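The figures that follow rest on heavy atoms only: side chains count, while hydrogens, waters and symmetry mates do not. This structure is a prediction, so every number in the text was calculated from the model and none was measured.
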Amino acid sequence: LILQIRSKTHLSRNDAAPGQAQPNNKRWHLGHADRKEEVRAMGTPADVPLARTVYRIASSGRMDLCRQTIKERRAWPAPMPAPPDIAAHAEITSAARAMLRWVERGQEFWACGGIPASYNARKRRYDGPYPETTGYSIPTLIELGSRAGFREADVMARKAADWLVSRQSNAGDIRCNIETPPTGDGGADQIVLFDCGAILQGFTAMARRADAYSDPTERLARFLVDAQRADGLWDSYLAFEHFGSHNALVAYALIDAGSTLNAPHFTEAGHRCLNALRGRLHKNGYIEGCEFPGVRQGVAFLHPFVYTIEGYLKAAGLAPDRGYFDAVRPALDALRDGIARTGQIPGAFVQPDMSTSCSFTALTAIAQLADVGFRADQLSGENSYTDMSRQLMRFLRQVLDKTLTDAAWQGGLPSAYPIDAEYLPFCVNNWGAKYFLDASMGELNALQPVLSSTPIPQRAAIPQGVT
């Protein structure tokens, strides 16, 4: 059937030759208000007959995608890898280097400093640079650049920051549009709260290194605080009609900026937000306000769900006496226990009872979950989540080993598993890369007690990252 379909199709004249990439102005990431229709259309592999999916892929000339789609559909639900031996330093760093190279190729493609949102293998196209995810990739690149073998990441962070500064208005906000350089889309500025908070993370990290970034950091933080309501939430510049709990990361960004700039009013604004969100954190671990409107009413998407956990954990690192860690510990416990009970990789949606069964998963969220597991144990000094995170990272590296041949795909993390699921189907994206790199550094940090108890040459010691 596939061969018959293939014989009747040909490459679109807008598609590039295999291995080459073209610009793609389509906005794939689910975040801005003008993408609500895309969010409502989000389905699962089970919603689309396999024959129709195969035809759609084959019509683009990608027989390798047909094979990968069929293989991954048959493999879902994906079992968790058996509790592994602790991954070697070389195994972790090899995958991280490949991932960094994917980010670097994308940044070089547009040559403006911004990192493309995604690369679509079916269309062989890069998306435009994504301000939000470029912003919160900067702290990752800075920390990675402090490690031996990753020095180029430091230069990449500066290029990303300079591009974002060029998009800042006099009022302090950032143009958040995903658009093709150098001319852009010519549309009105899209100012999005969460995106600006992500960029504030990057500006603050740069301000700790160079005074030139203190003013952009201060102006962006002031813009966010001026828009905040007295109760700690926001009703303007929202991605959706409701205030999402994932904006806990905006709160963390303000706390971090206030601490860095010695500006207590920024810090207190962040604390107000986290305090206001506490009522959404259920005792069983479920977090309200992590839904995509119109997709599954009352059911959280794992991606913003883990964003929320991350925001509280990072804030706990700066304010350990406010109970932020304990606030999200039930969510972490429930996700870990669910994985142990089912023996499967979590699905893309989280039910109010904390089950995550679904016909696909968002691999970005799996990388995020691995990251927060390592982060939580580093904060507490315990070993409650590291084993879970190591298993998740083993799974992700297995996915990376079965990759496509596109030069623009190599090293990147697919958005979904199976690959054709309607969360950026057939794409690798830059926020997945960011969290894979974060989790890789967490995994390396978790190696240190093991290495310190084993007689090894000094040259094998792991360099400390920037905190």
Which atom pairs, one a donor and one an acceptor, fall under 3.5 Å between side chains of residues 311-325 and the rest of the protein, sequence neighbours left out?
unit_1: Tyr312; atom_1: OH; unit_2: Leu274; atom_2: O; d: 2.6
unit_1: Lys314; atom_1: NZ; unit_2: Glu310; atom_2: OE2; d: 2.8
unit_1: Arg322; atom_1: NE; unit_2: His271; atom_2: NE2; d: 3.4
unit_1: Tyr324; atom_1: OH; unit_2: His271; atom_2: ND1; d: 2.7

Practice problem: With Glu443 as reference, evaluate Arg375, Arg394, Arg397 under the salt bridge (charged side-chain N to carboxylate O under 4.0 Å, His left out) test and give the passing residue. | Solution: Arg397

Practice problem: Of all the heavy-atom pairs spanning Gln391 and Met80, show the shortest one and how long it is. | Solution: CB-CE, 3.2 Å

Exercise. For residues Pro129 and Pro181, determine if any side-chain heavy atom of one lies less than 4.5 Å from a side-chain heavy atom of the other.
Key: yes

Quiz item: Just wondering, do Val192 and Glu132 contact through their side chains at under 4.5 Å, heavy atoms?
Solution: no

Quiz prompt | CG-CG distance between Leu220 and Asp215, expressed to the nearest 0.5 angstrom | solution = 11.0 Å

Self-check item: Atom pair CD1/CG of Ile287 and Leu277 - distance to nearest 0.5 Å
Solution: 9.5 Å

Quiz item: Are Arg62 and Asp406 close enough, and set up right, to give a side chain to side chain contact (heavy atoms under 4.5 Å, CB included), and what steps lead you there?
Solution: CA-CA 11 Å; Arg62 294 305 304 260; Asp406 304 47; 2.6 Å; yes

Quiz item: Can any side-chain N or O of Asn429 pair as donor or acceptor with the backbone N or O of Gly432 at less than 3.5 Å?
Solution: yes

Quiz prompt | Enclosure of Glu104 CD (heavy-atom neighbours >12, cutoff 6.0 Å) | solution = yes

Quiz item: In terms of ring plane angle, is the pair His303 and Phe301 parallel, tilted or perpendicular, where the classes change at 30° and 60°?
Solution: perpendicular

Quiz item: Got Asp189 and Ser169 here, is their nearest side-chain heavy-atom distance under 4.5 Å?
Solution: no

Quiz prompt | Within 6.0 angstrom of Asp211 CG, more than 12 heavy atoms from elsewhere | solution = no

Self-check item: Any side-chain donor near an acceptor of the partner, Thr69 and Asp420, under 3.5 Å
Solution: no

Quiz item: Step by step, would you call Val295 with Phe349 a side chain to side chain contact (heavy atoms under 4.5 Å, CB included)?
Solution: CA-CA 10 Å; Val295 179; Phe349 293 92; 3.9 Å; yes

Quiz item: What is the minimum heavy-atom distance between Phe360 and Ala416, and which atoms define it?
Solution: CD1-CB, 4.4 Å

Quiz prompt | Check: Tyr237 ring centroid to Phe243 ring centroid under 6.0 Å | solution = no

Quiz item: So, Arg336 side chain and Ser384 main chain: donor-acceptor pair closer than 3.5 Å or not?
Solution: yes

Practice problem: Kindly say whether Ala257 contributes a backbone atom to a donor-acceptor pair with the side chain of Thr260 at under 3.5 angstrom? | Solution: no

Practice problem: Hey, can you tell me if His246 and Phe194 have their rings parallel, tilted or perpendicular (30° and 60° cut-offs)? | Solution: tilted

Quiz item: Please walk me through it: do Asn430 and Ser118 pass side chain to side chain contact (heavy atoms under 4.5 Å, CB included)?
Solution: CA-CA 6 Å; Asn430 75 9; Ser118 63; over 6 Å; no

Quiz item: Hey, is the main chain of Ala408 close enough, under 3.5 Å, to the side chain of Trp102 for a donor-acceptor pair?
Solution: yes

Practice problem: State whether a side-chain donor-acceptor pair under 3.5 Å links Arg272 with Gln228. | Solution: yes

Self-check item: Ionic contact status for Arg209 with Asp154, cut-off 4.0 Å
Solution: yes

Quiz item: Can you tell me how far CD of Glu91 sits from CE of Met393, rounded to the nearest 0.5 angstrom?
Solution: 9.5 Å

Practice problem: To the nearest 0.5 angstrom, please state how far the CG atom of Leu100 sits from the CZ atom of Arg147. | Solution: 12.5 Å

Quiz item: Between atom CD1 of Ile345 and atom CG of Leu369, what is the distance when rounded to the nearest 0.5 Å?
Solution: 9.5 Å

Quiz item: Taking Ser380 for the side chain and Glu382 for the main chain, is one N or O donor matched with an acceptor at less than 3.5 Å?
Solution: yes

Quiz item: In terms of side-chain heavy atoms, does Tyr213 have a donor or acceptor partner in Asp162 at a distance below 3.5 Å?
Solution: yes

Quiz item: Within 45° of the six-membered ring axis of Tyr136 and under 6.0 Å from that ring's centre, is NZ or CZ of Lys434 located there?
Solution: yes

Quiz item: How close do Leu404 and Ala121 get, heavy atom to heavy atom, and via which atoms?
Solution: CD1-CB, 3.8 Å

Practice problem: Taking the side chain as every heavy atom from C-beta outward, state whether Trp163 and Lys159 have any atom pair closer than 4.5 Å. | Solution: no

Quiz item: With a 4.5 Å limit on heavy-atom distance, are the side chains of Val103 and Ser137 in contact?
Solution: no

Exercise. Determine, for Arg222 against Asp226, whether the closest basic-nitrogen to carboxylate-oxygen distance falls under 4.0 angstrom.
Key: no

Practice problem: Answer whether the closest heavy-atom distance between the side chains of Leu249 and Thr308 falls below 4.5 Å. | Solution: no

Practice problem: Using the side chain to side chain contact (heavy atoms under 4.5 Å, CB included) rule, take Gln168 and Asp173 through it: C-alpha gap first, then chi angles, then the decisive distance, then the call. | Solution: CA-CA 6 Å; Gln168 188 171 33; Asp173 58 85; over 6 Å; no

Exercise. Report yes or no: does Gln368 contribute a side-chain atom to a donor-acceptor pair with the main-chain N or O of Val306 at less than 3.5 Å?
Key: no

Quiz prompt | Heavy-atom closest contact (Trp234 atom, Leu224 atom, distance) | solution = NE1-O, 2.9 Å

Quiz item: What's the spacing between Ile199 CD1 and Thr134 OG1 if we round to 0.5 Å?
Solution: 8.0 Å

Quiz item: Is Asp377 reaching over with its side chain to a backbone N or O of Thr386, donor-acceptor style, under 3.5 angstrom?
Solution: yes

Quiz item: Got a donor-acceptor contact below 3.5 angstrom from the Glu72 side chain to the Ile419 backbone?
Solution: yes

Self-check item: Salt bridge present between Arg329 and Asp326 (N-O < 4.0 angstrom)
Solution: yes

Quiz item: Any side-chain donor paired with an acceptor under 3.5 Å for Asp256 and Thr204?
Solution: no

Quiz item: Under 4.0 Å between a Lys/Arg side-chain N and an Asp/Glu carboxylate O for Glu152 and Arg101?
Solution: no

Quiz item: Are the side chain of Gln201 and the backbone of Pro139 linked by a donor-acceptor contact shorter than 3.5 Å?
Solution: no

Practice problem: May I ask you to test the Gln190-Asp195 pair for a side-chain heavy-atom distance under 4.5 Å? | Solution: no

Quiz item: Phe305 and Cys290: which non-hydrogen atoms are nearest, and at how many Å?
Solution: CA-SG, 3.7 Å

Exercise. Would you indicate whether the side-chain heavy atoms of Pro346 and Ile366 approach each other to under 4.5 Å?
Key: yes

Quiz item: Okay, side chain of Ser259, backbone of Ile255: is any donor-acceptor separation there less than 3.5 Å?
Solution: no

Quiz item: Taking all atoms of both residues into account, what is the closest heavy-atom pair of Arg151 and Gly145, and its distance?
Solution: NH1-O, 3.1 Å

Quiz prompt | Partners passing salt bridge (charged side-chain N to carboxylate O under 4.0 Å, His left out) against Arg97 (at least two apart in sequence or in another chain) | solution = none

Self-check item: Sub-6.0 Å ring centroid separation between Phe109 and Tyr119
Solution: no

